[in-house]
Number of protein chains: 2
Amino acid sequence: MKKSTKSVPRGTGTRIRILTAAEHLFTARGFAGVTMREVARQAQTNVASAHYHFGSKEGLVIEMLRHRIAPINAERLRLLEEAKRQSGGKPLKPINIFKALLLPIGQAATGSKGPDPSFMQLVGRSFTEPASFLEKVHRRLFRELSDTFMVELKLSHPKAQEEDLFWNLHFVVATMLGALANHRRLAPFSGGLCKDKDVAEMIQRLIVFATGGFASSIRNIETNSNQ
Amino acid sequence: MKKSTKSVPRGTGTRIRILTAAEHLFTARGFAGVTMREVARQAQTNVASAHYHFGSKEGLVIEMLRHRIAPINAERLRLLEEAKRQSGGKPLKPINIFKALLLPIGQAATGSKGPDPSFMQLVGRSFTEPASFLEKVHRRLFRELSDTFMVELKLSHPKAQEEDLFWNLHFVVATMLGALANHRRLAPFSGGLCKDKDVAEMIQRLIVFATGGFASSIRNIETNSNQ
DNA sequence: CTTCTTTTTAAACGATCGTTTAATAAAAGG
DNA sequence: CCTTTTATTAAACGATCGTTTAAAAAGAAG
């Protein structure tokens, strides 16, 4: 309990200290399970200061997510642009589209002090928490990303139905979020055979799985429609 | 608000009324977001009665999950046994293993009054809520299921490494949980193209996606190891 | 320095939380 | 009938929640 104060570096601005403390606490216990007083204490300030900087608990949650997710999405769009440049105008291979989608989340979870799998839980959980205000945040943060990636998927699958592409992109995202949120459960269920610390390995396996599932579904649909 | 009292049928035992009210409320707002007073009010009783029957809020959550998940897992094991009987001693085809895993959750979400997609959220969310007592419940509810399905996967993939089978079964489950928990977000992101009411269609698509992802990953690994 | 804005703080607000107590009502067993 | 167990209820307990108030401290600008 006392050790947690060391996790927030001193000397930084109060605003950043609050964001950092909030991220760690929300990761461990969820949004509803953390109080403003705990955040303030771990950030070495008080509750009024947190309200001064973020207006409300909702405002703190929203800003914490935006602060973390926005750079990840920017990196996703950057990787997609890079892939388009290297393909020279031709449609992208699906695996490269999914690499652009999935690699940045792994980079974000691999901090300077080694992998931080717990952060991945936070992102996954932010999609399953029932708080309605989170839906607005997600629409704002992921609308552009979703549209951009759908454009590339359509170019890569000109004969596929748009509805099928949506469904299977949804499954790819669901796989990523489900894998992120439930990451810790793999080790105990596999009897320790699979280590939950190796984030990079998981992302690599995830890319293969998602690409295969997507390809299989689209191929399956096209086969059926030809019968 | 007043309408919600009608959702719990009168005349039933108090215990069942509390379980039903808890399920509906926890589905809508999560475990931490619902109070015992709300559950009691919707069940047309009082908080002391809920504590009398379930001991605590944790006890209520645990019993509600067990009450819902246990029949689903029993049906999964039944379908797996049925598939084994029909295969006549030969290893099962992976798609039949995953059908046994995924079909029952769709049946459970399709109640007498039509599909109930919101129930699927509850199951998905129970895996991402940070409450530590949920992990014990999950281990108790899913340990046998996990082991039984792993046995069949090993029989179906005698040359595959156990670690790879664990990872990809984990991804299949993650896809299912992620798709369940984030089901509602598909319709708005697809601009209404994909309806979130059609649970059966989603399960069918999910089976294809999961089977394809699993097969692709295992095949990919075997190919690499032959190089 | 003075003036004005920004930031931090201790203390309190009203509301609501999970849980318990103790009394009463209903049901069951003999 | 009486006794014993099971079930329900109103009321209260102590704790803690998100938020606000009002005053002091720290910086910025002149």
Side-chain angles (χ1 to χ4, degrees), chain A residues 1 4-5 8-26 28-65 67 126 129-134 136-137, chain B residues 1 4-5 8-26 28-65 67 126 129-134 136-137:
Chain A
M1 189 75 98
S4 60
T5 55
V8 177
R10 296 216 51 155
T12 327
T14 305
R15 191 187 145 89
I16 295 295
R17 287 210 317 278
I18 294 174
L19 280 177
T20 308
E23 178 180 322
H24 290 163
L25 287 169
F26 287 144
R29 298 207 300 277
F31 302 133
V34 173
T35 72
M36 294 294 280
R37 283 170 177 81
E38 290 175 294
V39 174
R41 179 157 38 89
Q42 185 149 134
Q44 306 184 52
T45 179
N46 52 47
V47 283
S49 181
H51 275 88
Y52 172 79
H53 283 285
F54 300 99
S56 66
K57 186 180 180 181
E58 272 194 26
L60 173 59
V61 172
I62 291 174
E63 186 55 24
M64 189 254 317
L65 286 177
H67 180 252
S126 77
E129 291 250 347
S132 60
F133 69 90
L134 286 176
K136 300 177 199 164
V137 184
Chain B
M1 190 74 98
S4 60
T5 55
V8 177
R10 298 215 50 157
T12 326
T14 305
R15 192 188 144 89
I16 296 295
R17 288 210 315 280
I18 295 174
L19 280 177
T20 307
E23 179 181 321
H24 289 164
L25 287 169
F26 287 145
R29 301 208 297 277
F31 302 133
V34 173
T35 72
M36 293 295 280
R37 284 170 176 80
E38 290 175 294
V39 174
R41 179 158 39 89
Q42 185 148 137
Q44 306 185 51
T45 179
N46 51 48
V47 283
S49 181
H51 274 89
Y52 171 78
H53 284 285
F54 301 99
S56 65
K57 185 180 181 180
E58 272 195 25
L60 173 59
V61 172
I62 291 174
E63 186 57 23
M64 187 258 311
L65 286 176
H67 179 254
S126 77
E129 291 251 348
S132 60
F133 69 90
L134 286 177
K136 301 176 196 164
V137 185

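So that the names make sense, note that chain A is the first sequence line, chain B the second, and so on, each numbered from 1.
- B:Tyr52 places its OH atom 21 Å from the P atom of C:dG18, with the value rounded to the nearest Å.
- Rounded to an integer number of Å, the gap from A:Arg41 CZ to C:dT9 P is 15 Å.
- A sub-4.0 Å separation between OP1 or OP2 of C:dT16 and a side-chain N or O of B:Thr35 is absent.
- Listed pair B:Ser49 / D:dT9 fails the phosphate criterion, with no side-chain N or O lying under 4.0 Å from OP1 or OP2.
- Remark: P of C:dA10 and CD of A:Gln44 are 13 Å apart, rounded to the nearest angstrom.
- When the side-chain nitrogen and oxygen atoms of A:His53 are compared with OP1 and OP2 of C:dT8, one or more of them lie within a distance under 4.0 Å.
- Residue A:Glu23 holds its CD atom at 11.0 Å from CD of A:Gln42, rounded to the nearest 0.5 Å.
- Closest approach to the B:Ala48 side chain among C:dT21, D:dT19, D:dT8 is made by C:dT21 (side chain taken as heavy atoms from C-beta onward).
- Between the side chain of B:Arg17 and the backbone N or O of B:Ala43 there is at least one donor-acceptor pair closer than 3.5 Å.
- Applying the 4.0 Å criterion to OP1 and OP2 of C:dT8, one finds that A:Asn46 has every side-chain N and O outside that range.
- Per the geometry, CZ belonging to A:Phe133 stands 12 Å off P belonging to D:dG18, to the nearest Å.
- Residue contacts shown for A:Val34 are limited to sugar-phosphate atoms, with no base heavy atom under 4.0 Å away.
- With rounding to whole Å, A:Leu25 atom CG is found 12 Å from D:dG18 atom P.
- A:Thr14 has no side-chain polar atom (N or O) that falls below the 4.0 Å cut-off from OP1 or OP2 of C:dT7.
- At whole-Å resolution of the value, CZ in A:Arg37 and P in D:dC17 are 6 Å apart.
- A salt bridge does not link A:Lys136 with A:Glu58: none of the charged nitrogens is closer than 4.0 Å to a carboxylate oxygen.
- How far CG of A:Leu25 is from CE of A:Met36: 11.5 Å, rounded to the nearest 0.5 Å.
- At least one side-chain nitrogen or oxygen of A:Thr45 sits closer than 4.0 Å to the OP1 or OP2 atom of C:dT9.
- The CZ atom of B:Arg29 sits 14 Å away from the C1' atom of C:dC17 (whole-angstrom rounding).
- Evaluation of the side-chain contact (heavy atoms from CB on, under 4.5 Å) rule for A:Val61 yields A:Phe26, A:Phe31, A:Leu65, A:Phe133, A:Leu134 as partners, not counting sequence neighbours.
- Atom NE2 of B:His51 is separated from atom C1' of D:dT6 by 19 Å (rounded to the nearest Å).
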